[in-house]
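What follows is a set of notes on a single structure, which appears directly below.
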Amino acid sequence: MTQQEGERTPLLSLQAITKRFGPLIANSDISLDLYSGEIIALLGENGAGKTTLMNILFGHYVADEGGIWVQSSEGTLEALEPGTPHAALASGIGMVHQHFTLAENLSALDNILLGTEPLLKPRWSRKAARTKLQALMAKSGLEVDLNQQVSKLAVGERQRVEILKALYRDARILVLDEPTAVLTPQESEGLFKTLELLAANGLGIIFISHKMAEVLSASDRVLVLRHGELVADLETSICDRNLLADLMVGHSVDVPTRDAATPGPATLMFRGVSAGTGREALSNVDFSLRSGEILGLAGVSGNGQGTLSKLLSGLEQPTSGAVELHGTPLSRNAAGVIKQGVARIPEDRHHDGIVGAMSVADNLVIEEIRSPAYSRFGMLRFGEIKKRAVEAIQAYDIRCPGPSARARLLSGGNIQKIVLARTLDQEPQVVLAAQPSRGLDVGATAEVHRRLIAARDRGAAVLVISEDLDELLRICDSIAVIHRGQISAPAPTETLDKQRLGLMMAGHPANKELAG
Amino acid sequence: MEYLDILLNASFWQAAIRIATPLIFGVLGALICERAGVLNLGIEGIFVVGAMSGWMAVWLGASLWGGVAVAAGCGALFGLVHGILTVPLGLSQHVSGLGITMFATAASYYTYRTALPDVTSPPRIEAFKPLDIPMLSDLPFIGEALFSQTAMTFLALFMVLAVAFVLYRTPLGLAIRAVGDNPAAVEAQGLSVYGLRIGAIMAGSALMALGGAFLTMSAFDAFFFGMINGRGWICIALVVFASWRPGKALLGALLFGAFDAFQIRLQNEVGAAVPSQVFLMVPYVLSIIALVLVARKADYPRALLQPYFPGQR
């Protein structure tokens, strides 16, 4: 296989691409060849330069050095004009961005046809386009209602529209940036089936990912990027999880270990709590959270987790029943909840976790701004705030230009570290962590887990809400399942496995023996 | 019921359409800009530019249609300025638009005063005359109500169809609607966000200028200071009322024209019992009410007011 490839002409060849943003080298001397029928995974941590490289390929950025060659229809390599998406499209490169580039006010068909006809064409029949798309859909299995407005399409359907956009333009090279970030496991599986089919039809495919499982199962070749450098180009068949993790991070990652818990008394009690409306409604929920214990709450998103988080954050009130902390009712507003010792690590950290326009330092103290440590006579104590920020940046290894950098500009992992530093350093009694490692790379995930275990060891009661079963099985002492607003009785983690949890998440009772 | 008699009078309908004509131009222009994602508050000033430049071209010897072309060209020029400031430079669309309005108004007055330093009564031109359409203009009632209009009114009505056709039936219109919703989608399909937006602003501004030109070359035959009198701002409100659709834009402009024509006649009927300023308020109050009812569920172009910088995530 490999010897033959040496003689074949690649579909796409990136040669010695270097891209700098100021002092930061996003891509350093990266070369890669993509052949017809091949699926390449581009693996790397957040900020490793994967997306930058693909944006150069698609013409959103211009490389400082190096060039891109694409196979022409005659089979020879031709240089791609840098810096214009138009040239990239014309040469057969299709890109599915992580954040979909669809106009929501238009139909799926209009989105696909956008830019494919000369703008000033006076008469325009969509009939031929429709026929071509029907054929493409039948061939690739990418079924979409072409007449539906995009705003009414589900996430998975929007992604299919994005892929059809590329196929409609006869793309021979398909690039997908983190294609599974927004998909359910079932949708991801379907996507990779489609990609295999497309590759079998002769397309060359590159997908960007930081999830090792999908890289190992879906790619032919893995390219690992680290800090902007290409550190490995390997056949997937010879790779395993540990090897890839080490390559990605550059050193082996210590997965945090957890000693057996020594749970104390129940700290937080839900007594017959009903709250919320619609799919997210909780009905008559009873459960308790013990100090010195991490309780995992597994479940498919939208089964009441949102309402539970809001209740514990003081953003919503129960319609009946009561939430008690140490026997006293939980405060009815967010500030009171914080004062009672609840640390909140919200699901959407960019939106709810930080104030993006404010500095790292301000975000670190924002929950304690009234305390005499940070304000006096109604005025902020800048010196103290800065001192605190410098300490936290050090202790939590928050990578940022400095305490006065705007929080919005940080990567997801570093934003999560700000949230952790802000909430956990207040020595909370209860920690609510919603999807704490979603979208984070291996290193940042390990750090989050380490901090949560440390909080438990200090005696806090920790509730982890997550869809990631691996995460729950790794760090939780016991796990309950939330399904349609009902929470099952927690079971010790040792007695559970993924399969069993998966069935419980789909609504099967915990104690029922598995069929077959 | 003499109030209702007003509605039965053909001259009322004729006036309503005449009053609506500059608004039709203006609201279509604002609609094109906003569909591409850019608010153009330069509209009030661009009306003045259109009114002054079209009239002056004719006064200096150009033909009437020549004047119309000059007005459109001058409008497009100010649109280009607004486009450069708000699209590649990404400045605040509000600030730039208001700046254009002040600058364009002042520049028009300055040009007028420089050309005519000491006239007291504004010089007149030979303006557009109502067209005499065979058969139609001779119909009883309908003929006077609907068909005794100048060529520019018919141009405005034609423009409604033209804008609707371009927006909904051509690849260009598809691209304009897309760039106002998600410019990243347009760039990802290989089109130029800057080109589309600046082009749309220029075309929209040219239409706005025609609204001004109608006033000096068709409704009246001279240029006065202050003659635009907020018509541009009304168009900004009418676009929302119209939910960014050309057909509804026409309806909104006609409604406003009808309110205005009605209040003029109502003043005569009721006479001195109510101060005339109350009647002047009527169309504006009614448009605010209409706006409150409609705008609450208005579906703004999603990228309206948001500058786009390629490559930025």
Side-chain angles (χ1 to χ4, degrees), chain A residues 19 21 26 51-52 55-56 58-62 81 83-91 93-107 109-126 129 149-151 158 161-162 165-166 168-169 175 177 408-409, chain B residues 31-32 34-37 88 161-200 202-203 239 242-246 297-304 306 308-313:
Chain A
K19 175 73 186 171
F21 293 107
T51 301
T52 303
N55 277 332
I56 291 171
F58 197 64
H60 289 309
Y61 297 143
V62 179
E81 184 190 343
T84 97
H86 186 78
L89 286 166
S91 68
I93 300 172
M95 182 144 177
V96 177
H97 293 82
Q98 183 178 5
H99 303 287
F100 298 147
T101 53
L102 297 171
E104 290 186 15
N105 61 339
L106 304 181
S107 69
L109 181 67
D110 282 345
N111 268 286
I112 293 166
L113 296 188
L114 178 64
T116 58
E117 302 282 338
L119 287 180
L120 296 174
K121 193 174 179 177
R123 288 188 61 80
W124 185 24
S125 162
R126 290 163 154 91
Q149 197 174 317
V150 167
S151 62
R158 292 184 193 201
V161 176
E162 284 280 7
K165 259 163 70 173
Y168 180 75
R169 288 170 175 263
V175 180
D177 189 0
R408 176 166 59 81
L409 302 176
Chain B
L31 183 147
I32 293 174
E34 292 183 25
R35 270 298 177 122
L161 292 178
V163 169
F165 178 81
V166 169
L167 271 184
Y168 293 104
R169 288 277 179 272
T170 68
L172 177 65
L174 181 62
I176 290 174
R177 284 183 289 145
V179 83
D181 188 81
N182 184 1
V186 170
E187 201 198 10
Q189 291 283 58
L191 298 173
S192 161
V193 173
Y194 291 176
L196 280 167
R197 283 194 163 168
I198 292 181
M202 288 178 72
V239 185
S243 321
W244 294 270
R245 287 174 185 281
K297 37 183 199 270
D299 198 9
Y300 284 79
R302 279 195 315 142
L304 186 62
Q306 289 169 11
Y308 179 73
F309 304 105
Q312 197 181 66
R313 278 169 294 156

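Residue numbers begin at 1 in each chain, while the letters A, B, ... track the order of the sequences.
- Annotation: maximal heavy-atom pairing with chain A below 4.5 Å, among B:Val186, B:Asn182, B:Val179, occurs at B:Asn182.
- Between A:Ala103 and B:Ala185, the shortest heavy-atom distance links the atoms N-CB, 3.8 Å.
- Looking at B:Val166, there are no atoms closer than 4.5 Å to chain A (heavy atoms on both sides), in backbone or side chain.
- Nearest heavy-atom pair across A:Leu114 and B:Ala178 is CD2-CB, 3.7 Å.
- Counting heavy atoms from C-beta on, the side chains of A:Leu106 and B:Arg177 come closer than 4.5 Å.
- When each of B:Pro301, B:Ala303, B:Gly190 is checked for heavy-atom pairs under 4.5 Å with chain A, B:Gly190 comes out on top.
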*Under the side-chain contact (heavy atoms from CB on, under 4.5 Å) criterion, do B:Gln189 and A:His86 qualify, and how do the steps go?*
CA-CA 7 Å; B:Gln189 291 283 58; A:His86 186 78; over 6 Å; no
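- With a 4.5 angstrom heavy-atom cutoff, A:Ile112 touches chain B only via backbone atoms.
- Remark: the backbone N or O of A:Glu104 is paired with a side-chain donor or acceptor of B:Asp181 at under 3.5 angstrom.
- No other option in A:Asn105, A:Leu89, A:Thr84 has as many heavy-atom pairs under 4.5 Å with chain B as A:Asn105.
- Here B:Ala188 is the residue among B:Ala184, B:Pro183, B:Ala188 with the most heavy-atom pairs under 4.5 Å with chain A.
- Only the backbone of A:Phe100 comes within contact range of chain B, judged by heavy atoms closer than 4.5 Å.
- Applying the 6.0 Å contact sphere to CZ of B:Arg169 captures no more than 12 heavy atoms from other residues, nucleotides or ligands.
- Remark: of the listed residues B:Thr170, B:Leu174, B:Leu196, B:Leu196 is the sole one forming a side chain to side chain contact (heavy atoms under 4.5 Å, CB included) with A:Leu119.
- Other residues, nucleotides and ligands contribute only 12 or fewer heavy atoms inside 6.0 Å of the CZ atom of B:Arg245.
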